[in-house]
Amino acid sequence: MGSTNDADLDFIAQAMPAFISEAAEQIEAIETLLLELEEQPDNRELLDSLFRCAHTVKGSAGIFGLNRVVEFTHHVETLLDKMRDGDIALNPEVSTLLLQCNDQIKYLVDTAADESADTAEQKDARADLVIRLQSLTEGDVVSAQPPVTSVSESDVGDGSPRVWTISARFGSETFRNGMDPLSIARYLGTVGSVKSVRCGTDTVPPLSNLNPESCYLSFFMELETTSSRNDIEGAFSFVIDDCELDVVAPETPGQKLTRAIEEMPETPRLGDMLVQVGAVSSDKLAQVLSTQQQTPGMPSVAKPKIGDLLESQAGVAPEVVAAALGKQQKIREASPSEERYIRVQADRLDAVINLLGELVIAGAGATLLARETHQGALVEANLHMNSLIEEIRNGTLGLRMVPVGETFSRFRRVVRDTASSLGKEVNFEIVGGDAELDKSMVEKIADPLMHLVRNSLDHGLEPPQERVAAGKLPSGKLVLSARHETGAILIRIEDDGRGINRERVLQRAWNRGLIEQGVVPSDDTINMMIFEPGFSTAEQVTNLSGRGVGMDVVRRNIEALRGSIRLNSNPGKGLQVDIRLPLTLAIIDGFLVGVGRSKFVLPLDSVVEVIESGSQHVRDDAAGRHCMELRGQVLPVVRLRTLYGVESSLPGRVSVVVVNSPRGKYGIEVEVLLGQNQTVIKPLGRLFRTLRGISGSSILGSGEVALILDVSSLAELVTGVQSSTAVN
């Protein structure tokens, strides 16, 4: 980029995080597109998208003078260009090479701010990749299918120099967003020859009104270059939201008419569009329409198309007719409300949600005070305010909800590489990727899911020869699915492999003293032993597993998110791992109950019904657990007063809140029903983190602290064999 002054260095330092974030998204998209392209090698749209992603990374890196990224990505871009031209076909070897190159691009981007972090090992690996890329692009090539042109020649470029007219008007926030228009202009000078440049002054205010932190710049440039329109527009990728950009190439008459059609307002009729831009006269159009209607001996559905007649009889260029037809199609497909996106820093959104939580608490406190005044108008006003707060809450939390499919897609590469290294054949499926989960939850669940997926590949799925001997298909099946379920999300990892060898797990548990010798617990208890720290049944240590490190961390991380994990093993046929997580970590709709002077909150989505009952209706079963009869069925019941040692004298009448859990329905005996409550979730202190059945706490409007009940883990205390003594 030529000489770099202090202003440029400041710009690079301020904008580098934005570049790294943007580039990381493009790199992730490259990996996803490559894996999809392996399954659909003839999909031209995927190939074009892949090329654009690589080109965007290269162009953005050029703006920042990151020559290592530019030079290496250029070789990747050359290979992709050869593939688009049909000179090289995608095969497993080429795909693996491109995936390795993408890993190297990620490394270069991650170390962009510190070139000294580039090790000799990485440099050697990069040099080897360049040699392999050049052997494909400069040596013998594999013939593929004929190229398909999917974008206009002016967007791609034909290799000949042309003069582009560039008009760029920058927004007032450009400087505040860490961007420098001068650096962009300098970069453009490296991709071609600047014929002329002029700065616009029409938006510059009088000196007395000028804000030095605001940007009033615009420039108009004529650039002669062999680069395409996409190349030039890529230089503005980081300021596109703060810039009015217009890139125009010298136009032929047909191109002028095509641009006029694209820029004109919506017009549903094909002929009207062509008349308005001057491609055909009104008289000629009427003559063509008359010819179409008077074609003898043909039904209306078989009459010649108006576009064909305009080309043959009116002399309208085919590309102009195609542009008009394309415009017409866009109008039909246009949605009434076009989607727009804006990028917001995660910490700013977190701050808003934290303030919203405080607003919910303050609103609840104001409602209590209003009720104490017994002024109807004030109570009504507070209720209206709380309904608005609830709408704001739902809308704000919705901003953090993202499809889990974005995270699931990352595992395609993991499954591909791991299966290859283990010599296994695996068909990987993703189901329910559109189910949404809080973004903070998605980020925290990624590592546990990664460990479980690798565990299924290493321990669960058998090698092809072993599967065939067992009467299975040589290719194993691994399914990663998600769906919403009673106010939570259920993520399931399922394979058709060996399942858990319970005899081996039990023997290892006896040997380690985790279970008393000779005692055989339930199948569920044996299965869950694999989550004990240091527990492993692997006969040998591999690069992936065998040291007994990780599965206990998986369970701990999931439980830290107020989630639960369960295993359902069918020996010889497969393993199913179910992970249930709350949809959000911030605010939930709760049902507030009281026992003695203590308050508890139940997630409202889990509440089925409330039964008014005398305390004598709750009795002990043969195992000593509390239960009651509900419509001819025995319903397990937990008494919070007994379970947590709450000081309270049992009143004559109590209520049983019936809740739904993964283990089925059960009841919770309470003394007071306090109704629905917007619950702001606060973490438990270190002293209470091991308390079973409690997932968090909340501050009520009165300032009191209420404990949030974990319906899933409480169900284990109620219905589990190991908890019978704890409940009584």
Side-chain angles (χ1 to χ4, degrees), residues 1 4 9 12-13 15-35 37-38 50-83 88 90-139 187 190 234 237-238 409-422 446-447 450-451 454 542-544:
M1 280 178 57
T4 305
L9 291 174
I12 292 173
M16 186 64 73
F19 162 74
I20 293 175
S21 175
E22 292 276 0
E25 291 182 6
Q26 298 295 334
I27 291 166
E28 185 176 326
I30 289 173
E31 181 172 298
T32 301
L33 289 167
L34 274 171
L35 295 172
L37 202 58
E38 284 187 332
L50 185 61
F51 179 85
R52 284 193 294 270
C53 289
H55 181 76
T56 299
V57 174
K58 173 188 166 184
S60 301
I63 296 175
F64 292 88
L66 303 176
N67 295 327
R68 293 183 305 151
V69 180
V70 173
E71 292 170 1
F72 182 75
T73 310
H74 175 73
H75 294 290
V76 176
E77 190 182 47
T78 301
L79 175 57
L80 294 174
D81 208 20
K82 290 277 188 181
M83 293 170 62
I88 298 177
L90 183 73
N91 56 40
E93 291 73 21
V94 173
S95 181
T96 299
L97 173 60
L98 287 171
L99 285 169
Q100 292 171 347
C101 289
N102 194 49
D103 293 340
Q104 186 61 223
I105 295 173
K106 183 179 187 303
Y107 171 79
L108 290 172
V109 169
D110 291 342
T111 59
D114 182 14
E115 292 193 9
S116 62
D118 193 7
T119 63
E121 182 181 357
Q122 290 292 338
K123 290 177 181 178
D124 291 342
R126 193 156 60 249
D128 179 64
L129 290 172
V130 170
I131 292 172
R132 294 166 62 189
L133 288 167
Q134 289 177 333
S135 69
L136 285 172
T137 57
E138 299 175 5
Y187 172 71
T190 67
S237 58
F238 282 90
S409 296
R410 301 178 192 172
F411 297 115
R412 291 189 184 276
R413 174 75 182 280
V414 176
V415 172
R416 179 190 187 276
D417 293 349
T418 304
S420 176
S421 66
L422 294 172
D447 284 344
M450 182 76 72
H451 197 96
R454 284 177 168 164
T542 70
N543 291 333
L544 294 173

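Residue numbers count from 1 along this sequence.
- Atom-to-atom distance recorded for His55:NE2 and Leu80:CG is 12.0 Å, nearest 0.5 angstrom.
- Across every non-hydrogen atom of Ala23 and Val57, the tightest pair is O-CG2, 4.4 Å.
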- request: Begin from the C-alpha positions of Asn91 and Val94 and carry the test side chain to side chain contact (heavy atoms under 4.5 Å, CB included) through to its verdict.
  value: CA-CA 5 Å; Asn91 56 40; Val94 173; 3.2 Å; yes
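- Using a 4.5 Å heavy-atom cutoff, the side chains of Leu35 and Glu38 are in contact.
- Rounding to the nearest 0.5 Å places CG of Leu79 at 11.5 Å from CD of Gln134.
- Under the 3.5 Å distance criterion, the side-chain polar atoms of Ser420 are left unmatched by any main-chain donor or acceptor of Arg416.
- In this structure, CG on Asp417 lies 9.5 Å from CZ on Arg454, to the nearest 0.5 angstrom.
- Going from atom CG of Leu133 over to atom NZ of Lys82 covers 13.0 Å, rounded to the nearest 0.5 Å.
- In this structure Asp118 satisfies the salt bridge (charged side-chain N to carboxylate O under 4.0 Å, His left out) test together with Arg68, Arg126, sequence neighbours excluded.
- The two atoms that bring Tyr107 and Thr119 nearest to each other are OH-N, 3.3 Å, heavy atoms only.
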Pairs under 3.5 angstrom only: tabulate donor-acceptor contacts from the side chains of residues 25-34 to other protein residues two or more places apart or in another chain.
unit_1: Glu25; atom_1: OE1; unit_2: Arg343; atom_2: NH2; d: 3.3
unit_1: Glu25; atom_1: OE2; unit_2: Arg343; atom_2: NH1; d: 2.8
unit_1: Glu31; atom_1: OE1; unit_2: Arg413; atom_2: NH1; d: 3.1
unit_1: Thr32; atom_1: OG1; unit_2: Glu28; atom_2: O; d: 3.2

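- Note that the CG atom of Leu37 and the CG atom of Leu90 stand 5.0 Å from one another [nearest 0.5 Å].
- Within the 3.5 Å criterion, the main-chain N or O of Arg132 finds a donor-acceptor partner in the side chain of Ser135.
- Asp447 contributes atom CG, which lies 7.0 Å from atom CE of Met450 (distance to the nearest 0.5 angstrom).
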- request: Show the numbers, then the answer: is there a side chain to side chain contact (heavy atoms under 4.5 Å, CB included) between Leu97 and Leu136?
  value: CA-CA 11 Å; Leu97 173 60; Leu136 285 172; 3.6 Å; yes
task: Would you sort out whether Thr78 and His74 count as a side chain to side chain contact (heavy atoms under 4.5 Å, CB included), showing the intermediate values?
output: CA-CA 6 Å; Thr78 301; His74 175 73; 3.8 Å; yes
